[in-house]
Amino acid sequence: MGLLRSVVLAGGGTGGHIYPLLAFADALRRHFPEVRITTLGSPKGMENELIPPAGYDLRVIPAFQLPRAINLNLLRTPDRMYKSAHAAGQILDEVQADVVVGFGGYVSVPAYLAAWKRDLPIVIHEVNVPPGVANRMGMKFTKNVAVGFPQQPQQAESLRDARVVGVPLRTSLTHLDRAALRPEALYQFGLRPDLPVLFVSGGSSGARTINLAVAAAAKRLAHAGIQVLHVQGGRNDPFEVPADLPVPYVVLPYLSEMQLGYAAADLMLCRGGAITVAETTALGVPAVYVPYPHSNQEQKRNALPVVEAGGGVLVDNADLTPEWIEQHLIPLARDHQRLYAMGAAAAQYGRRDGDEALLEFVLEAVAKAR
Ligand SMILES: CC(=O)N[C@H]1[C@@H](OP(=O)(O)OP(=O)(O)OC[C@H]2O[C@@H](n3ccc(=O)[nH]c3=O)[C@H](O)[C@@H]2O)O[C@H](CO)[C@@H](O)[C@@H]1O
């Protein structure tokens, strides 16, 4: 394909911005092995832990902090913003970028600015409603906006003309046959095949409320015969789990091979991060969603349509207590029929082709710009 020689991908901060970027990079490499792929990240984001091991060139540009909303504070940081945009521009020039694809996170802004200055096509992939601040700024420079989920009209004025492409997911997930991998996954985690598994993950940085509530309910879960696979999250404090439980309770600091967690899971307990929701639904994993109560209720909006479709249960952060776990989660984790129906409903809502659909959209944007 003569259209593309060099692509710059910008996105950073938490896993929620980085995993879709990586999944898209993989699709790009699969279809166009000769294309040069460069990623732009910030000095302290999780991209530094996740991108180099995946085999992509990560260029770090000076940090540039955005306020949570587009307001006058922006005017107080122009020097830093221009310094970052200048650094991004130098990289765009060096690699002779044909297009910039941004996934959100602060680092995307200087990339959008630099690409706009050079008249390069810009494509934005947004997974949240309302869109994040960085992507909202980017939308001032391009109409090529792709979104992860169908938008609900009353919520998404700025995304009305966006193309729904789904969320690019890692191939270890898009190709996952959960039932086939389950025995190996259970074996690797030291879990038993005869008891249900609750898979707990609070997103890429972990979730303190979830960690503490589940750990406090460890004895009740164990006595109900429920095994726990508990991923604490990349940047979260450790917590105590009683040592003498009658069934396995496995704690991991972080799980790079999420396919193993999803394969082992009978039920998931998680936040409502957009990528997590895209994954649970794509894989048909029944889930109890505990949306992060801050940042504009965005996680509740991610999870609500799945729950309304019958694919999960929603519980407020403040209501997730050991008692709630005992009264609601334990009966659910033991109810095979209900879990099966929830998983099937979740799968109806999910899709696995986000990487391919975004690639098609990017190719169209590049062709249009020529
Ligand atoms: C508190 C907050 O602001 N969270 C935001 C952040 O969440 P966060 O960064 O947690 O992102 P998501 O929950 O959407 O996705 C987490 C990603 O990390 C992966 N993972 C997680 C744990 C682990 O041990 N291993 C692993 O690989 C998951 O498989 C998934 O791919 O970005 C999302 C996408 O912009 C937003 O919707 C969330 O609202």
Side-chain angles (χ1 to χ4, degrees), residues 10-24 26 45-47 49-51 53-54 66 68 102-108 124-136 146-149 166-174 176 189 199-211 229-236 250-265 268-283 285 287 289-306 312 317 350 352 354-355:
T14 67
H17 292 129
I18 302 156
Y19 284 116
L21 180 156
L22 282 175
F24 177 73
D26 286 348
M46 286 179 81
E47 53 271 30
E49 291 138 48
L50 298 176
I51 292 184
L66 278 175
R68 292 293 287 183
F103 291 83
Y106 300 149
V107 73
S108 313
I124 293 177
H125 185 263
E126 175 59 55
V127 290
N128 294 303
V129 177
V133 178
N135 276 351
R136 252 185 296 153
V147 291
F149 301 95
V167 176
L169 301 179
R170 289 168 269 182
T171 46
S172 56
L173 301 179
T174 53
L176 177 61
F189 295 126
F199 178 34
V200 182
S201 164
S204 62
S205 323
R208 215 174 105 83
T209 313
I210 296 182
N211 288 349
L229 174 61
H230 191 154
V231 185
Q232 167 185 327
R235 298 186 165 175
N236 235 271
V250 178
V251 180
L252 304 171
Y254 192 80
L255 181 59
S256 302
E257 299 192 284
M258 280 295 275
Q259 72 277 14
L260 293 172
Y262 288 125
M268 178 142 187
L269 176 64
C270 54
R271 285 249 181 260
I275 317 307
T276 298
V277 172
E279 291 172 355
T280 51
T281 54
L283 303 175
V285 179
Y289 297 100
V290 192
Y292 182 60
H294 312 296
S295 52
N296 263 333
Q297 299 278 308
E298 77 181 15
Q299 295 202 349
K300 192 169 180 179
R301 291 197 185 106
N302 295 334
L304 199 57
V306 187
N317 194 62
R352 294 190 181 203
D355 55 348

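Both ligands and their constituent atoms are indexed starting at 1 by order of listing.
- Looking at Y19 and V167, their side chains never come closer than 4.5 Å, going by heavy atoms from C-beta outward.
- Atoms of ligand 1 found under 4.0 Å from any heavy atom of V231, numbered from 1 in the order shown, are 24 (O).
- Only side-chain heavy atoms of E279 come within less than 4.0 Å of ligand 1; its backbone N, CA, C and O stay farther off.
- Looking at S256, G233, A23, G203, it is G203 that brings a heavy atom closest to atom 22 (C) of ligand 1.
- L173 places a side-chain heavy atom less than 4.5 Å from the side chain of Y262.
- The list of salt bridge (Lys or Arg N to Asp or Glu O under 4.0 Å) pairs with a residue in residues 254-265, not counting sequence neighbours, is empty.
- In this structure, a donor-acceptor pair under 3.5 Å is absent between the side chains of R301 and N128.
- Residues D26 and R170 are not in side-chain contact: their nearest non-hydrogen atoms beyond the backbone lie 4.5 Å or more apart.
- No part of L252 comes within 4.0 Å of ligand 1, judged by heavy-atom distances.
- Those atoms of ligand 1 with a heavy atom of V127 less than 4.0 angstrom away are 34 (C), 35 (O).
- For ligand 1 and Y292, the ligand atoms under 4.0 Å from any heavy atom of the residue are 1 (C).
- For ligand 1, the polar-atom distance check against N128 finds a nitrogen or oxygen pair separated by under 3.5 Å.
- Every N/O-N/O distance between S201 and ligand 1 stays at or above 3.5 Å.
- Within the 4.0 Å heavy-atom shell around ligand 1 one finds R170.
- Interface atoms of ligand 1 facing T276, defined by a heavy-atom separation under 4.0 Å, are 12 (P), 13 (O), 14 (O), 15 (O), 16 (C).
- Note: an N/O pair closer than 3.5 Å links I275 and ligand 1 by distance alone.
- Distances between N or O atoms of A274 and those of ligand 1 include at least one value under 3.5 Å.
- Counting only distance, with no hydrogens or angles, the side chain of H125 and the backbone of G166 share a donor-acceptor pair below 3.5 Å.
- Distances from ligand 1 to the non-hydrogen atoms of H17 include at least one value under 4.0 Å.
- Using a 4.5 Å heavy-atom threshold, the side chains of L260 and L229 count as separate.
- Listed by atom number, the atoms of ligand 1 under 4.0 Å from N302 heavy atoms are 37 (O).
- Two residues are said to be in side-chain contact when any heavy atoms from C-beta on lie closer than 4.5 Å; V133 and R136 meet this criterion.
- Side chains of Y289 and T280: a donor on one and an acceptor on the other come within 3.5 Å.
- With a 4.5 Å cut-off on side-chain heavy atoms, V277 and Q299 do not count as touching.
- Near G15, with a cut-off below 4.0 Å to any heavy atom, the atoms of ligand 1 are 9 (O).
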